[in-house]
Amino acid sequence: MSKQNSESKKIEDKWIKKWREEKIFEPSPSSKKKFYLTVAFPYPSGAMHVGHGRTYTVPDVIARFKRMQGYNVLFPMAWHVTGSPVLGIAKRIEKKDEKTIKLYRDLYKVPSDVMGRFTDPKEIVRHFSSEYKSDMTNLGFSIDWSREFLTITPQYQRFILWQYRKLRSLGLVNKGQHPVRFCPSCDNPVGDHDLLQGEAATINEFTIIKFRFGDLILPAATLRPETVFGVTNMWVNPDVEYVKAKVNGEIWVVSRQAVEKLRFQNKDVSEAGTIKGSEIKGDCVCLFDKREVPILPAKFVNPDYATGVVMSVPAHAPYDYVALKEVSDLEVIPIIDVSGYGDVPARDVVERMNIKSQTDKKLEDATEEIYRAEHSKGVMKKGIEGYGGMRVSDARKKVIDELAENGDLFYESSEAIMCRCGTKGVIKILNDQWFLRYSDEKWKEKVRECMGNMQIVPPEMRQNFEYFIGWLDDWACTRKIGLGTRLPWDDKWLIEPLSDSTIYMAFYTISRHIKEIDPQKLDDDFFEYVFLGKGDKKSAAKSSAITVKKLDEIRAEFLYWYPMDFRLSAKDLVGNHLCFMMFHHSAVFPKDKWPKGIIVFGIGLLEGNKMSSSKGNVVLLSDAMENYGSDAVRLFLMSNAEPWQDFDWRDNLVKSTWKKLKQFSDFVEGAGGTKDMPLRDIDIWLSNRMQNAILKTTDALEKFQTRKALQHAFFEMLNDVSWYTRRCKPNGSVLGEFTKNWVLLMAPFTPFACEELWEKAGGKMVSVAGYPVFDEKKSNPGIDAAEDLVKGMVSDINSILEVTRAKPNKIHLYLAEGWKRELFSQIKEGKNIGEIMKNPLLKRYGNEVAKIVQKTRPEEIHAVQSLGDEQKTLSGASEFLEKEFACSFVIHTTADYDPAGKARHAVPARPAIYIE
RNA sequence: GCGGGGGUGCCCGAGUCGGUCAAAGGGGCACGGUUGAGGGCCGUGUGGCGCAGGCCUACGCGAGUUCGAACCUCGUCCCCCGCACCA
């Protein structure tokens with residue numbers, strides 16, 4: 001393959017150069033209709049693999065298609081380099097972490113001298129953004145690189161500052177508190193991908209219910225505060241040494257581990273001695289309902305979980321039930337009715353699961369079961385004052401509300417978490433965190449309106465968006481570490497990377513103009529005028545040190561391209577980025593600048609398995625291009641699945657695509673045929689097939705169905721030309737017209753091959769040629785039926801030969817007689833048997849007519865050719881049929897010779913066959 | 001748990017306002033042709049049965065509506081994805 005590929009590489013380079021020289025992908029505002037699409041920019045922390053390749057090929061195909069349709073198309077690209085992942089990568093490379101080094105050196109093929117610089121995170125994104133750019137260029141993307149920027153480009157950062165001041169002035173950013181998973185060593189919140197362990201951990205919110213024990217407070221942390229009415233006693237672990245901790249003026253008794261946790265959760269904690277668990281005994285008073293209960297020892301109490309002191313609700317908590325039975329004969333206090341269980345649900349479950357000891361692991365399942373059942377179906381018992389008859393979930397809220405004044409919350413991770421740096425993670429409440437107020441109902445309403453007017457592809461994704469818009473809560477939009485832009489009014493914070501990339505599509509429209517402007521001079525006046533038309537343009541121009549004319553030109557360019565027609569992204573960004581984009585557009589811009597459409601992609605598989613860079617389960621785009629050439633890679637990625645479906649990179653399929661592409665090129669290039677040939681039916685058929693392909697391909701591409709488009713534009717055409725050349729001697733002028741259209745049809749998918757073929761055929765540049773338009777005059781759907789007759793004959797004869805295993809000497813075809821055609825026409829019109837029998841011609845064949853009518857449904861009949869036409873079609877094809885079956889054919893319009901009595905089986909479009 | 005999407009032939013995957021569906025297309029496999037018994041290319045076949053284009057069985061499972069269901073209704077089982085402070 002390699003020699004051919006070096007040939008195709010040459011062709012690719014030639015066209016990349018031509019496109020660049022002629023600047024055909026660098027559009028400016030004009031009188032033409034515009035089409036503006038963007039795709040989520042990449043975070044270049046590694047090499048591009050074929051999954052990324054698909055993400056960016058889809059918009060390129062659409063861009064190319066629209067461009068050929070005559071639109072002025074803008075398809076820009078930039079680099080998202082803000083955030084913290086590269087910091088971790090740089091650190092790990094510095095620490096010579098083997099896995100990381102292996103990934104970057106062996107998989108991503110980073111040269112060792114470059115690796116040396118990777119201890120600086122900026123070097124990583126710099127290196128890979130340039131790799132990305134080169135891959136994108138080589139894959140033939142029609143990107144306007146004149147608008148390229150990084151999210152840390154100073155001009156872009158000025159744009160972010162403007163945006164955040166704007167949002168704040170609109171009251172959409174404020175300070176708040178929020179519990180997060182946190183790494184004390186990194187001093188930063190940790191997300192799933194930052195964790196070595198505990199990715200599935202969620203933050204549980206416990207309610208603290210206090211019990212007075214002398215001067216001390218026993219703070220029981222519970223997920224089920226409504227069960228406070230059923231408390232019979234307290235549990236402390238006799239083997240644990242507890243800490244007396246001063247918390248907000250009270251002295252709490254908690255485990256040592258809990259002290260640390262409380263500190264991270266904003267409690268002012270100081271230690272005031274210790275006390276042994278075994279020393280904590282006697283009675284205590286619940287501060288919620290003032291009941292007095294005893295304190296009892298229990299080994300199941302885990303000092304590492306929550307506060308280390310536990311309130312006991314034996315009727316509804318299996319752990320408590322089992323422990324209580326072991327040490328005391330206190331009566332349980334049932335407080336919740338739940339169908340399917342008796343008065344004491346915990347006892348039911350414990351007995352059913354045959355749990356004997358408080359250290360039995362099955363207690364976890366038992367607890368889970370009870371929790372779920374009572375939460376969903378439980379009702380508070382009648383006798384509980386103020387709560388009787390309430391649903392458990394409502395009672396829980398009410399208890400929390402009643403506690404509110406001196407209520408405390410305690411956060412605990414549902415499982416242990418470990419930061420990538422190796423430190424045990426904690427739950428921390430961030431105090432002065434800044435939030436984007438996505439919970440704001442008025443804002444959500446605007447977003448819903450925005451989405452209501454948008455085209456969502458695929459349509460079923462709309463429900464997902466609706467769900468996410470409702471679900472989104474305030475979003476912490478600032479971080480302590482990472483690359484990024486500082487919050488303009490509080491510079492100890494950086495703007496979080498998803499939050500700095502919500503309306504950057506607007507920035508593309510003007511980025512090429514402001515590259516030369518001193519970033520310090522890009523102030524809010526500038527952006528207010530350019531994007532919103534607000535303020536005094538003279539002073540805005542002056543402060544930015546540009547002319548008013550230039551400022552107006554910039555504003556005009558924004559107005560020309562905006563709103564954006566389509567935003568494309570993989571489906572993992574639906575719940576955040578794509579929603580954020582709608583939130584921020586609806587907040588900052590007037591309605592007529594809100595985005596008009598979203599296309600969501602599926603993910604990529606490799607030989608049926610999920611692609612994963614970290615596991616090395618990827619094919620690098622550069623390798624794929626080297627093996628198969630850019631066009632074949634594009635063609636495969638676009639034909640394997642529709643954009644929103646998951647695609648599967650399978651090497652043998654890619655190879656087969658590569659072969660088919662070569663067939664296409666070879667066929668088009670070698671298409672000659674005889675000139676000045678009279679037009680035969682089969683020629684009309686081929687022309688019609690092309691018109692059909694044009695119609696269907698265009699229709700599919702309008703809906704972004706690249707796979708379906710290629711089915712028509714490529715695979716069907718391949719089969720059609722193969723049939724055509726098998727079927728007849730090619731007609732030169734018909735073939736010429738056909739290949740010309742075919743190249744145009746394919747140009748968005750395989751631009752390099754098509755440019756080359758186009759040029760060889762005397763064209764200039766196919767990327768800017770017109771896309772074929774369906775021509776009704778050249779279309780002739782009826783001809784398909786005629787050709788299907790021939791195909792049907794071949795197939796029927798083959799199946800007879802298959803069964804009989806005979807070698808034919810002579811094949812007789814009997815056409816259906818005139819009366820059968822008349823009958824079919826009438827059935828097709830929907831006439832019933834009574835009406836049909838009124839026809840004297842048909843009445844003569846009454847019995848047969850009845851049989852046929854009974855088993856023939858109108859829907860099955862497409863076109864009924866006349867006897868003459870059918871005869872003409874078959875005799876026109878007889879030369880071909882004789883060649884195919886290497887025997888002679890006789891076509892009968894009457895059963896003059898019919899030794900086997902086959903002729904009577906003939907129906908229209910299905911002649912009877914007799915093989916000798 | 002909540003939300004979304006699915007279960008089609010050896011595999012991937014079209015097809016769902018019911019009928020032209022034994023079910024497109026591709027892959028794999030088999031046979032035949034070309035040929036240097038390879039590769040490539042071309043043709044044919046690939047649920048079962050059948051020495052005539054047919055018949056039977058089939059679209060997760062069960063039931064229903066209908067002259068007729070892969071497609072509609074109900075029930076049931078199973079699978080995949082997302083659920084946040086972050087790319």
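Any value given below was found using the heavy atoms of this structure, including those in side chains, with hydrogens, waters and symmetry copies removed. All chains are named by letter (A, B, ...) in the order of the sequence lines, taking the proteins before the strands, and each is independently numbered beginning at 1.
Map A:Asp474 and A:Phe468 each onto its nearest nucleotide of RNA chain B; the residue landing nearer the 5' end is A:Phe468. Nearest-nucleotide positions on RNA chain B place A:Glu884 closer to the 5' end than the other of A:Ala906 and A:Glu884.
The aromatic rings of A:His812 and A:Tyr897 sit tilted, their planes meeting at an angle between 30° and 60°. Ring orientation note: the planes of A:His584 and A:Tyr164 are tilted relative to one another, at an angle of 30° to 60°. Using a 30° and 60° split on the angle between ring planes, A:Trp723 and A:Phe880 fall in the perpendicular class, above 60°.
For the C1' atoms, the distance from B:G27 to B:G82 is 31 Å, rounded to whole Å. For the C1' atoms, the distance from B:A22 to B:C59 is 11 Å, rounded to whole Å. Going from the C1' atom of B:U65 to that of B:G19 covers 16 Å, rounded to whole Å. Nucleotides B:U73 and B:G7 are separated by 15 Å at their P atoms, to the nearest Å. Atom name C1', nucleotides B:G25 and B:C74: the rounded distance is 34 Å, in whole Å. Only the P atoms considered, B:G48 is 16 Å distant from B:A24, to the nearest whole Å. Here, B:G60 and B:C78 have their C1' atoms 8 Å apart, quoted to the whole Å. With C1' as the reference atom, B:G47 and B:G43 are 23 Å apart, rounded to whole Å.
Of the candidate nucleotides B:G25, B:C83, B:C86, B:C86 has the atom lying nearest to any side-chain atom of A:Arg479. Closest to the A:Gln663 side chain, of the nucleotides B:C42, B:C86, B:C83, is B:C42. Listed nucleotides: B:G82, B:C86, B:G43. Nearest to the side chain of A:Ser722: B:G43. The side chain of A:Arg707 approaches B:A24 more closely than any other nucleotide in the set B:A24, B:U44, B:G27. Among the nucleotides B:U44, B:G82, B:G25, the one closest to any side-chain atom of A:Gln711 is B:G25. With distances taken from any side-chain atom of A:Asn652 to the nucleotides B:G82, B:G28, B:A84, the minimum falls on B:G28.
Classification of A:Lys571 and A:Asp646 as a salt-bridged pair holds, one side-chain N sitting under 4.0 Å from a carboxylate O. Using a 4.0 Å cut-off between a side-chain N of Lys or Arg and a carboxylate O of Asp or Glu, A:Arg904 and A:Asp898 do not qualify as a salt bridge.
A:Lys659 comes within 4.0 angstrom of sugar-phosphate atoms only, judged by non-hydrogen atoms across all strands, and of no base. Looking at heavy-atom distances under 4.0 Å, A:Leu653 makes contact with sugar-phosphate atoms alone, never a base. Using a 4.0 Å heavy-atom distance criterion, A:Pro911 is classed as a base contact. A:Leu573 comes within contact range of at least one nucleobase, with a heavy-atom separation under 4.0 Å. Among the protein residues, A:Lys660 comes within range of the sugar-phosphate backbone only, with heavy atoms under 4.0 Å from sugar or phosphate atoms but none that close to a base. Within 4.0 Å (heavy atoms only), A:Gly575 reaches no atom of the nucleic acid at all. Nucleic acid contact for A:Val803: base, since at least one base atom lies under 4.0 Å from a heavy atom of the residue. Across all strands, A:Asp473 comes closer than 4.0 Å to base atoms (heavy-atom distances). Within the nucleic acid shown, A:Arg650 has no heavy atom closer than 4.0 Å to any nucleic acid atom. Within the 4.0 angstrom heavy-atom criterion, base atoms lie near A:Ala912. Residue A:Asp572 is classed as a base contact, given a heavy-atom separation below 4.0 Å to a base. Nucleic acid contact for A:Leu801: none, since no nucleic acid atom lies under 4.0 Å from a heavy atom of the residue.
Look at CG on A:Leu436: it is 13 Å from C1' on B:A84, rounded to the nearest Å. Rounded to whole angstrom, the span from the CG atom of A:Asp720 across to the C1' atom of B:A24 amounts to 13 Å. Across the protein-nucleic acid pair, A:Trp475 atom CH2 and B:A84 atom P stand 10 Å apart, rounded to whole Å. Per the geometry, NZ belonging to A:Lys883 stands 14 Å off C1' belonging to B:G33, to the nearest Å. If you take CZ of A:Phe664 and C1' of B:C41, they are 19 Å apart, rounded to a whole angstrom. Residue A:His577 contributes atom NE2, which lies 16 Å from atom P of B:C83 at whole-angstrom precision. Going from atom CG of A:Asp666 over to atom C1' of B:G40 covers 12 Å, rounded to whole Å. Atom C1' of nucleotide B:G15 and atom CD of A:Gln645 are separated by 12 Å, given to the nearest angstrom.
Evaluation of the salt bridge (charged side-chain N to carboxylate O under 4.0 Å, His left out) rule for A:Glu787 yields A:Arg727 as partners, not counting sequence neighbours. Residues satisfying the side-chain hydrogen bond (donor to acceptor under 3.5 Å, both in side chains) criterion with A:His577, sequence neighbours excluded, are A:Arg567. For A:Ser639, the side-chain contact (heavy atoms from CB on, under 4.5 Å) partners at least two apart in sequence or on another chain are A:Leu710, A:Phe715.
Contact check, A:Thr804 against B:A52: no side-chain N or O comes under 4.0 Å of OP1 or OP2. A:Arg910 has a side-chain polar atom (N or O) that falls below the 4.0 Å cut-off from OP1 or OP2 of B:G54.
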When the side chains of residues 468-475 of chain A are checked against the rest of the protein, which donor-acceptor pairs come out under 3.5 Å, sequence neighbours left out?
unit_1, atom_1, unit_2, atom_2, d
A:Asp474, OD1, A:Ser439, N, 3.1
A:Asp474, OD1, A:Ser439, OG, 2.6
A:Trp475, NE1, A:Glu496, OE1, 3.0
A:Trp475, NE1, A:Ser499, OG, 3.3

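In this structure, the separation between CG on A:Asn719 and NZ on A:Lys660 is 8.0 Å, given to the nearest 0.5 Å.
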Dot-bracket for RNA chain B: what is it, with Watson-Crick or G-U pairs under 3.5 Å, [ ] where a pair crosses earlier ones, and | for a pair to another strand?
-> ((((((((.[[[..)...(.....]]](((((((.....)))))))(((....)))...[[[[[..)....]]]]])))))))....
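Without hydrogens or angle criteria, A:Arg726 side chain to A:Glu884 main chain gives no donor-acceptor distance under 3.5 Å. Listed for the A:Ser722 side chain is no donor-acceptor partner under 3.5 Å among the backbone atoms of A:Leu718.
The shortest distance between side-chain heavy atoms of A:Met77 and A:Pro42 falls below 4.5 Å.
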N/O to N/O distances under 3.5 Å, protein versus nucleotides 3-7 of chain B:
unit_1, atom_1, unit_2, atom_2, d
B:G4, O4', A:Asn464, OD1, 3.4
B:G4, O2', A:Asn464, ND2, 3.2
B:G5, OP1, A:Gln463, NE2, 3.4

